[in-house]
Amino acid sequence: MGSSEERVVAVIMVGGPTKGTRFRPLSLNIPKPLFPLAGQPMVHHPISACKKIPNLAQIYLVGFYEEREFAIYVSSISNELRIPVRYLKEDKPHGSAGGLYNFRDLLMEDSPSHIFLLNCDVCCSFPLPEMLEAHRRYGGMGTILVSKVSAETASEFGELVADPETNELLHYTEKPETFVSDRINCGVYVFTPDIFNAIQGVSTQRKDRANLRRVSSFEALQPVNRSLPTDFVRLDQDILTPLAGKKQLYTYETMDFWEQIKTPGMSLKCSGLYLAQYSSTSPHLLASGDGSKTATISGDVYIHPSAKVHPTAKIGPNVSISANARIGAGARLISCIILDDVEIKENAVVIHAIVGWKSSIGRWSRVQGVGDYNTKLGITILGESVLVEDEVVVINSIVLPNKTLNVSVQEEILL
């Protein structure tokens, strides 16, 4: 273990509005990192996990969103966790490693011995203290959290090969066309400050190559020679791949859940994973009820204290109900996210769906998806202020904001 004087900082990459288009229409209202999973903003889960890191000095959020979009959340979470959380806005894309390097002076203000780097759109149990302990044992520059997935889905991620005895990273390739390994990069890392030298080395090599190319104007015009900007450095292709097999990088495998949150469907699945985790980490956040004075609750359910749920409603499993929602008599909710100020009237049914802010679902209506988290229409999504009138059925559909549905629809995208 390290010295008690050693300090650690954590960096969470939150992306920006130019990305995350697959998350629409839910990201039309708020930044994707602030979309609630299991009743808490998406970014709240990695931040809470960082709180458990020994000797944590500060947490930084790095992204392209305007600072005002994160100001209120950053202030409240800093007070809640009693750990300084700061948002750093990138002036332009620098890549996953370049973004880290761009703020190196700030990150090193606390003279940290280690720097955690996490991607916001990752859902897992974040075993960060265990990772740090393993990293110190390995003695390398960096340790990568890895997970075992099916051979069929591995090519969607960065695949890697590690030494089974030492856990040294031997080979890394990003989204390969042919199968390499069923171990993938989880997007969670811990580094020593030596990572900055490695990133700087990539930029220096790029500058040298650019200077060489200027010697031949013909070569400079060839598409193959059009390189990335010198300060744009990708962690996977530019750092992990070339340093694999050089006793610099190691792996730590999680046996717990892991998912990537790219689409609304995956956000519903991940909300359920976090709700299940609450039973051991935060049982006070889970609702209970037997249908007498409160609603009947089955499985893992989160209900915001300001929400009003009728005692005859049946809720769960995998349901998250946000602030000021109103759930009427006889309503049935299964596997869904109900956002702020939603009204679900008497005897309405919501299954495998996300109901947007200020929306209303009429009496005896049904909003339902098939429950396939990986397909575009696998869950039903209602954007903000969607009105579903009485006795209307909405199946496997996406409805953009401010629509009124007075007829039933199935497998449609309503713009």
Side-chain angles (χ1 to χ4, degrees), residues 8-16 19-20 23 27 30-65 69-70 73-88 90 96-97 99-100 103 107 112 114-132 134-135 142-147 157-158 184-191 235 252 254 256-262 266-267 269-278 280-282 285 302 320:
V8 178
V9 296
V11 178
I12 301 173
M13 308 299 280
V14 298
K19 295 187 177 182
F23 208 69
S27 56
I30 59 171
K32 176 182 168 184
L34 297 182
F35 182 79
L37 304 180
Q40 304 288 349
M42 186 184 297
V43 72
H44 184 94
H45 299 283
I47 287 177
S48 297
C50 288
K51 168 76 173 173
K52 298 174 184 174
I53 301 170
N55 305 317
L56 180 70
Q58 190 145 219
I59 299 171
Y60 296 92
L61 311 182
V62 174
F64 305 104
Y65 295 101
E69 297 189 82
F70 277 87
Y73 174 72
V74 163
S75 173
S76 66
I77 193 65
S78 297
N79 292 333
E80 180 185 331
L81 297 184
R82 298 184 180 178
I83 289 282
V85 180
R86 184 174 176 184
Y87 178 71
L88 304 176
E90 290 191 78
S96 46
L100 193 70
F103 295 110
L107 301 181
H114 295 88
I115 300 159
F116 272 91
L117 179 64
L118 300 84
N119 284 319
C120 176
D121 62 354
V122 162
C123 166
C124 71
S125 57
F126 297 106
L128 305 183
E130 297 87 346
M131 229 181 128
L132 180 59
H135 171 74
T143 297
I144 309 164
L145 187 69
V146 307
S147 179
F157 310 101
I184 62 155
N185 177 2
C186 289
V188 178
Y189 315 86
V190 57
F191 295 108
L235 189 60
Y252 180 84
T254 176
D256 213 337
F257 65 91
W258 181 88
E259 296 288 350
Q260 197 170 25
I261 315 166
K262 292 295 186 188
M266 287 309 299
S267 74
K269 180 178 184 179
C270 293
S271 186
L273 291 170
Y274 282 135
L275 285 170
Q277 189 184 31
Y278 284 170
S280 58
T281 62
S282 309
L285 293 176
Y302 169 84
S320 173

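Everything numeric in this text was worked out from a predicted model, so none of it was measured.
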Please answer whether the main-chain N or O of Val74 pairs with a side-chain N or O of Ser78 as donor and acceptor at a distance below 3.5 Å. yes
Are Trp258 and Phe126 an aromatic pair, judged by ring center distance below 6.0 Å? no
I'd like to know whether Leu118 forms a side-chain contact (heavy atoms from CB on, under 4.5 Å) with Met13, so could you lay out the CA-CA distance, the side-chain angles of the two residues, the decisive distance to 0.1 Å, and finally the verdict. CA-CA 6 Å; Leu118 300 84; Met13 308 299 280; over 6 Å; no
Hey, could you give me the SG/NE2 distance between Cys120 and His44, rounded to the nearest 0.5 Å? 12.0 Å
Output yes when a side-chain donor or acceptor of Asn185 lies under 3.5 Å from a complementary backbone atom of Gly187, and no otherwise. yes
Would a distance-only check, ignoring hydrogens and angles, find a side-chain to backbone donor-acceptor pair under 3.5 Å from Tyr278 to Tyr302? no
side-chain contact (heavy atoms from CB on, under 4.5 Å) evaluation trace for Asn119 with Val188: CA-CA 7 Å; Asn119 284 319; Val188 178; over 6 Å; no
The criterion is ring pair (Phe, Tyr, Trp, His ring centres under 6.0 Å); which residues satisfy it with Phe35, sequence neighbours excluded? Phe23
Pair His45 + Tyr274: ring centers closer than 6.0 Å: yes
Main-chain N/O of Pro127 paired with Ser125 side-chain donor or acceptor, under 3.5 Å: no
For the residue pair Tyr65 and Phe70, is the inter-centroid distance of their aromatic rings smaller than 6.0 Å? yes
Separation of Ser96 OG from Leu117 CG (nearest 0.5 Å): 7.5 Å
Could you check Phe257 against Gln277 for side-chain contact (heavy atoms from CB on, under 4.5 Å), going step by step and ending with a plain yes or no? CA-CA 10 Å; Phe257 65 91; Gln277 189 184 31; 4.0 Å; yes
Could you tell me whether the side chain of Lys32 and the main chain of Val14 form a donor-acceptor pair under 3.5 Å? no
For Leu81, is there any backbone N or O sitting under 3.5 Å from a side-chain donor or acceptor partner on Lys51? yes
OH/Tyr189 to CD1/Ile115 distance, rounded to the nearest 0.5 angstrom? 14.5 Å
